[in-house]
Enquirer: 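My questions all concern the structure below.
These numbers were taken from a predicted model, which means no experiment stands behind them. Note that the numbering runs from 1 along the sequence shown for the chain. Counting convention: from 1, in listed order, for ligands and their atoms alike.
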Amino acid sequence: MSTLPIADFKTVRAHARVLIRDHQSSFVRMLLLYALAAIMALVPAWVIGQITQYASTNGLTSRRVTDLVALLFASSLGYALLSFLARRRSYVLGETIFAQLREGFLESVLALPLAEVERAGTGDLLSRTTNDIEALARTVRFALPEWLVAIVQATLTLVAMLLISPLASLASLVSLPFLYFSTRFYLRYATPGYRRERMSYATLSGTVSETAEGARTVDAQRLGRRQATRIEGDIRESFYAEMYTLLMRLVWFPIVESSFALAVSVTLAWSGWLAITHHITLGAATTVTLYVVQINDPIDRIISWLDELQMGQSSLARLVGVASVRDDRPSTGPSPSTEVISVRNVSYAYREGHDVLRDVSLTIRPGERLAIVGPSGAGKSTLGRLLAGIDAPRSGEVLLGEISLSSLPLDTLRRHVALVTQEHHIFIGTVRENLALAKPSANESEILDALAAVDALEWVNGLPQGLSTELGTTGYPVTPAQAQQLALARLVLSNPHTLVLDEATALLDPRAARHLERSLSAVLKGRTVIAIAHRLHTAHDADRVCVVSQGRIIEVGTHDELIELDGDYAALWRSWRSDGHAGS
Ligand code: ATP
C-alpha cells in the first residue's frame with residue numbers, strides 16, 4: 001500500500017522559515033530575554049574569579065567581599081526573573097506556532113482527495129495525526145526553545161571566556177574535534193533511523209487499527225493468526241528501528257561526555273600553568289575554568305536536544321508532506337448547464353490490467369430513478385463511485401451536462417451529486433450537529449423535515465434529549481440502521497440534484513427499507529436517484545433498471561420490459577421472489 005508523501009528537507013526548512021518569519025518580533029524578544037538571563041548567569045563565575053584574585057594578592061577586604069556578594073545576589077535575582085519572563089514568552093510562542101501547524105495540518109488532511117486517503121490507508125494518516133503531532137508538540141514546546149536557549153548561553157559564555165583571556169580559552173577547543181565529528185556521524189546515520197522509526201509506528205498503527213476495525217471479518221475468516229503474525233512483524237520492525245537509534249545514542253553520548261571532561265581538565269592544567277608563569281592572573285584562570293565547566297551544560301543540551309529535533313523534523317516532514325498531495329480537481333471552473341449524466345465508453349481498473357468496468361455507456365435523465373442491480377463483484381459500486389465523481393475513469397468519460405465530473409471543483413460537484421454508501425459515520429456531537437454538517441445554516445424545522453423524510457423522526461424524538469442528544473463513541477449508542485438513516489437525512493439536507501445510494505438502506509429490515517425509500521422519494525421528487533440495490537423491490541419501484549455483470553451493462557429497461565425480455569434480470573427477479581421476498 002502506498003503511503004502519503006513525506007516532504008523533503010528543503011521543503012521542511014522553507015516551511016520552518018515561514019513560521020519563524022510569521023512570529024519574528026516575538027522570536028527576537030524571546031531570544032533577547034534569554035540573552036540577558038544568560039549574561040546574569042555569567043556573573044557568579046566572574047565573582048569567584050575576583051575573590052580568588054583578591055585572596056591571592058592579599059587584597060580581599062570585607063568591603064570588597066560585601067560588594068561582590070551583593071552583585072552575586074542581584075545577578076541571581078535578575079537571572080531568576082529574566083529566565084521566568086523568557087520561558088513564559090517561549091512557551092506562549094511555542095503553543096502559538098504549534099497551534100498554527102496543527103490547524104494547517106488539519107486543513108491539508110481535510111482537503112486530501114478521498115481516493116488518495118483510501119489508497120494510503122487510514123493507518124498512515126492516523127499515525128501522522130497522533131504520533132507525529134505529539135512528537136512535533138514536544139519539539140515546538142520544549143526542544144526548540146531549550147535548544148535555542150542553550151545556543152544563546154553557550155555563545156555568550158564563549159564570548160565571556162574570550163574577553164577574560166583568549167589564551168586560556170584556547171584549551172577548551174580540545175573537545176571540539178570530538179564533538180564535531182561524533183555529532184556529524186550521529187546526525188548522518190541517526191536521521192534515517194528516526195525516519196524509519198516513525199514509519200514503523202505508522203505501519204504498526206495501520207495494521208492494528210485495520211485489524212480492530214475489521215475484527216468481525218478477521219474472526220469470521222479465521223484471519224486472527226495471520227493478523228497477529230503481521231502485527232508481530234510490525235512490532236519487530238519498530239523494535240529494530242528503535243534498537244538502531246539507541247545504538248547510535250550509545251556510541252555518541254559517551255564520546256560527548258568524555259569530551260567535556262577532557263575540556264575541563266585540559267583548561268585547568270593550561271590556565272593553571274599560564275597563571276604560574278604569570279601570563280594571566282589567578283582570578284582569570286579560575287573564571288575561565290569555571291566557564292568551561294559552565295559551558296558544558298548548554299553544549300550538552302544543544303547536543304542532546306538534537307535527538308528530539310531530529311524526531312520533530314521527521315514528524316514535520318510527514319505533516320508537511322500531506323500538504324504536498326496535489327488536489328485531484330481544480331478549485332474553480334464552469335458550472336454544468338444541465339443535470340443529465342452521461343457515461344461514455346467508460347473503463348475503470350483499480351489495478352493496472354484488471355478492468356472492473358469495461359466500455360460502459362449510459363445516460364441518466366434528470367429526475368429519473370435508476371436502479372443498478374447485478375451479482376456481487378459485478379462492478380456496481382465502482383460504477384456508483386464514478387457516477388458520484390469520486391474516481392475518474394481510466395478511459396471514456398462521465399459527464400454532468402457537458403462537463404466531466406472529475407474536473408468539477410469539489411464544492412460544485414457536491415452541490416450536484418452526492419454518494420451515500422453502507423459505510424456511514426456518526427460524529428461525536430448532538431443529533432443536530434451531526435445533521436448540520438451537511439448544511440450548517442439548516443434551521444430546526446429543516447432538520448426535523450429531513451429526519452421525517454428518512455423515517456427517523458419518531459426515534460429521534462424518543463431520545464433522552466431529542467435533537468440535543470449527544471451521539472458518537474462517547475454518546476448515546478445508535479444502531480447501524482439508525483446511523484444509516486442519519487446519513488440519508490444529511491443527504492436530504494445537502495439536497496444535491498443527483499443522489500447515488502449504494503446499498504444505503506441495506507442495514508434496515510426489508511419492510512422498513514421499502515417504507516423509507518418511498519418516503520424519501522416523496523421528498524426527493526424531481527431529483528435524480530441512482531440506487532444500487534441487492535433488494536429487488538428497489539428495482540421494481542424504479543423508473544429504469546440497469547443490470548451490470550462482469551463489468552458490463554447487459555440489460556437496461558423498465559422492470560416490466562426486462563421481465564418481458566426474460567433475461568438475466570427476469571432470472572434474478574424470479575429467484576429473489578422465490579426466496580420469500582414477494583410481499584416486501
Ligand atoms: P457488491 O455487490 O459485492 O458490492 P459490486 O457489484 O458493487 O459488488 P464492486 O464493489 O464495484 O462490485 O467491485 C468490482 C470488482 O472490483 C470486484 O472484483 C472487486 O473485487 C474489485 N474492487 C472493488 N474495490 C476495489 C479496490 N478498492 N481495490 C481493488 N479492487 C477492488
Enquirer: Quick one: does Thr139's side chain have a donor or acceptor within less than 3.5 Å of a partner on Leu309's backbone?
Expert: no
Enquirer: Counting C-beta onward and ignoring hydrogens, is there a side-chain heavy-atom pair between Val340 and Pro366 closer than 4.5 Å?
Expert: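 A side-chain contact under 4.5 Å exists here.
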Enquirer: Mind checking whether Tyr350 and Tyr348 have parallel, tilted or perpendicular rings, split at 30° and 60°?
Expert: perpendicular
Enquirer: For atom 4 (O) of ligand 1, grab the closest protein heavy atom and report residue, atom and distance to one decimal in Å.
Expert: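 Nearest protein contact, heavy atoms only, for atom 4 (O) of ligand 1 is Ser381 OG, 3.7 Å.
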Enquirer: Any luck finding a side-chain donor-acceptor pair between Ser381 and Asp502 under 3.5 Å?
Expert: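 Indeed, the side chains of Ser381 and Asp502 share at least one donor-acceptor pair under 3.5 Å.
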Enquirer: Which of the atoms of ligand 1 are close to Pro375, meaning less than 4.0 Å from one of its heavy atoms?
Expert: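 With Pro375 as reference, the close atoms of ligand 1 come out as 6 (O).
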Enquirer: Looking only at heavy atoms of Gly379, does any of them come nearer than 4.0 Å to an atom of ligand 1?
Expert: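 Checking ligand 1 against Gly379, which is what was asked, there is a heavy-atom contact under 4.0 Å.
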Enquirer: Given side chains that start at C-beta, do those of His497 and Val417 come closer than 4.5 Å, heavy atoms only?
Expert: no
Enquirer: Considering heavy atoms of the protein only, find what lies nearest to atom 29 (C) of ligand 1 and give residue, atom and distance to 0.1 Å.
Expert: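 Looking only at protein heavy atoms, the one closest to atom 29 (C) of ligand 1 is Tyr350 CB, 3.3 Å.
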Enquirer: Within the protein, is there a heavy atom lying under 4.0 Å from atom 20 (O) of ligand 1?
Expert: no
Enquirer: Using 30° and 60° as the class limits, which term best fits the ring planes of His540 and Trp573: parallel, tilted or perpendicular?
Expert: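 Ring orientation of His540 relative to Trp573: parallel.
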Enquirer: What is the closest protein heavy atom to atom 18 (O) of ligand 1, and at what distance does it sit?
Expert: Gly377 O, 4.0 Å
Enquirer: Of the protein's non-hydrogen atoms, which lies at the shortest distance from atom 3 (O) of ligand 1, and what is that distance?
Expert: Ser376 OG, 2.6 Å
Enquirer: Please list, in number order, the atoms of ligand 1 under 4.0 Å from a heavy atom of Ala378.
Expert: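 Answer, ordered by atom number: 5 (P), 6 (O), 12 (O).
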Enquirer: Return yes or no for this condition: an N or O of Val356 is under 3.5 Å from an N or O of ligand 1.
Expert: no
Enquirer: Donor-acceptor pair, distance only, cut-off 3.5 Å: does the side chain of Gln485 make one with the backbone of Val454?
Expert: yes
Enquirer: Side chain, backbone, both or neither: which applies to Thr382 and ligand 1 if a contact is any heavy-atom pair less than 4.0 Å apart?
Expert: both
Enquirer: Name the closest protein heavy atom to atom 2 (O) of ligand 1, giving the residue it belongs to and the distance to 0.1 Å.
Expert: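 I find the closest protein heavy atom is Lys380 NZ, 2.8 Å.
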Enquirer: Please walk me through it: do Ser315 and Asp132 pass side chain to side chain donor-acceptor pair (under 3.5 Å)?
Expert: CA-CA 5 Å; Ser315 290; Asp132 289 316; 3.0 Å; yes
Enquirer: Is a side-chain N or O of Glu503 found less than 3.5 angstrom from the main chain of His534, in a donor-acceptor match?
Expert: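 Answer holds: yes.
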Enquirer: Check His534 against ligand 1 and report side chain, backbone, both or neither, counting heavy atoms closer than 4.0 Å.
Expert: side chain
Enquirer: Quick check on Gly551 - does any of its heavy atoms sit under 4.0 Å from an atom of ligand 1?
Expert: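 Under 4.0 Å: no for Gly551.
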